[in-house]
Amino acid sequence: AQSVAQPEDQVNVAEGNPLTVKCTYSVSGNPYLFWYVQYPNRGLQFLLKYITGDNLVKGSYGFEAEFNKSQTSFHLKKPSALVSDSALYFCAVREDSSAGNNRKLIWGLGTSLAVNP
Amino acid sequence: ETGVTQTPRHLVMGMTNKKSLKCEQHLGHNAMYWYKQSAKKPLELMFVYSLEERVENNSVPSRFSPECPNSSHLFLHLHTLQPEDSALYLCASSQSVPGQGNIQYFGAGTRLSVL
C-alpha cells in the first residue's frame, strides 16, 4: 500500500539557519513526489515536485528537495530560513503507474515549521 | 492568488440546515477536487471530477452531495450534518498532463462549524 510519513510534527529553527523537513514514502512503482505549504487561513500551495531526472529539485521561495531512492526519502530543505517560512508543510506521493488521468495523492500528516527570529 | 476561489470562507450551521459550498477555478483546468482537512489527520480526498464527470467518491456519507455543472465550478451541498463534520473544506483543480504530475491548485478553503 502507498503511504507517506512525515516523522516530525514540528520543526523549530533559528532564522538564517538551514532547515530540513523530512518525508519518507512507500509505493510499489516509481513515485511522483510533491511538497506543498499551507500558511495560516490559506489553502495549500505547490512548492516543488519530483517526477524523474535530477535527484535535487528546486522549487519556490528558495526551497529544494532531494529524492533518495535507496532511502525512499524526499526531504525538503532550505539553506537559510526566514521567519516568513513559518507554516505547515505537506509531503505527498502518487504512483506513476496508477490508472486514470487525475490520480489520487497520498498525503502526509504535515509538519509545522517555526522559524524563530 | 492561486486562481481557485471558494465561498463562503466561514460557515456556521446547525445540524438540520442545508447549505452549499462553492468553488470556482479560473485556470482552465479539467479536473476539480473536494478535500476535508481536520486537525491531526491526513488530508481526506472526498470527490474528484474530471471533465465534469465524477471519477472518485471516497465513501463519503450521503449528507455530502457534490455537483459540477461545468469545468469551472464545483459545489458541495450539505444537509443534516454532524458535529464531527466540522473541518476546513478545500477545493482544488488540476490540468491532466501525462507524465507531468498533475499539480493541484487549492482554494483558501471554507471553515465549517456544525453546531
Side-chain angles (χ1 to χ4, degrees), chain A residues 1-6 8-10 23 25-27 29-53 57 59-60 65 67 74 87-112, chain B residues 1-7 9-10 23 25 27 29-59 68 71 74 88-111:
Chain A
Q2 300 176 69
S3 65
V4 173
Q6 293 182 242
E8 302 154 317
D9 287 341
Q10 179 147 350
C23 173
Y25 66 90
S26 174
V27 298
N30 292 321
Y32 286 7
L33 293 154
F34 303 80
W35 276 102
Y36 284 79
V37 59
Q38 186 177 30
Y39 298 101
N41 300 314
R42 302 287 294 275
L44 281 70
Q45 295 179 35
F46 169 76
L47 273 181
L48 50 80
K49 66 178 179 180
Y50 172 82
I51 304 298
T52 186
V57 179
S60 307
F67 171 63
F74 189 56
L88 195 54
Y89 290 81
F90 291 93
C91 182
V93 67
R94 178 168 61 220
E95 188 177 321
D96 72 347
S97 60
S98 300
N101 286 327
N102 295 296
R103 300 158 188 165
K104 186 175 176 178
L105 284 174
I106 306 299
W107 296 86
L109 287 173
T111 298
S112 179
Chain B
E1 295 302 323
T2 63
V4 180
T5 304
Q6 289 187 244
T7 54
R9 291 293 309 276
H10 301 274
C23 177
Q25 59 100 355
L27 301 169
H29 289 167
N30 59 9
M32 297 186 77
Y33 310 72
W34 279 118
Y35 285 92
K36 178 183 179 182
Q37 186 178 26
S38 305
K40 308 296 184 186
K41 291 185 178 180
L43 210 57
E44 298 176 44
L45 180 64
M46 300 174 73
F47 303 103
V48 181
Y49 277 82
S50 177
L51 298 173
E52 302 157 39
E53 181 181 344
R54 191 189 312 177
V55 296
E56 187 135 3
N57 177 346
N58 285 334
S59 302
C68 187
S71 60
L74 185 65
L88 182 67
Y89 288 84
L90 292 167
C91 173
S93 70
S94 70
Q95 180 66 23
S96 174
V97 180
Q100 294 300 308
N102 293 5
I103 297 169
Q104 294 181 22
Y105 293 81
F106 286 80
T110 295
R111 174 70 62 186

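Throughout, protein chains are lettered first and strands after them, A, B, ... in sequence-line order, and every chain is numbered starting at 1.
- The main-chain N or O of B:Cys91 is found under 3.5 Å from a side-chain atom of B:Gln6 such that the two form a donor-acceptor pair.
- Here the closest heavy-atom approach between residue B:Cys23 and residue B:Met32 is recorded as SG-CE, 3.6 Å.
- With hydrogens and angles ignored, the 3.5 Å screen pairs a side-chain donor or acceptor of B:Arg9 with a backbone N or O of A:Asn41.
- Top candidate by heavy-atom pairs under 4.5 Å with chain A, chosen from B:Gly107, B:Ala92, B:Gly109, is B:Gly107.
- Heavy atoms closer than 4.5 Å to chain A are found in both the backbone and the side chain of B:Leu43.
- The residue among A:Phe46, A:Phe90, A:Tyr50 with the most heavy atom pairs within less than 4.5 Å of chain B is A:Phe46.
- With a 4.5 Å cut-off on non-hydrogen atoms, A:Tyr36 touches chain B through its side chain but not through its backbone.
- When heavy atoms are compared at a cutoff of 4.5 Å, B:Arg111 does not approach chain A at all.
- When heavy atoms are compared at a cutoff of 4.5 Å, A:Gln6 does not approach chain B at all.
- Of the atoms belonging to B:Gln37, it is side-chain heavy atoms, and not backbone ones, that fall under 4.5 Å from chain A.
- The backbone N or O of A:Phe74 lies less than 3.5 Å from a partner atom in the side chain of A:Trp35, making a donor-acceptor pair.
- Using cut-offs of 30° and 60° on the angle between ring planes, the pair B:Phe106 and A:Trp107 is perpendicular.
- In this structure a side-chain-to-backbone donor-acceptor pair under 3.5 Å is missing from B:Ser94 to B:Asn102.
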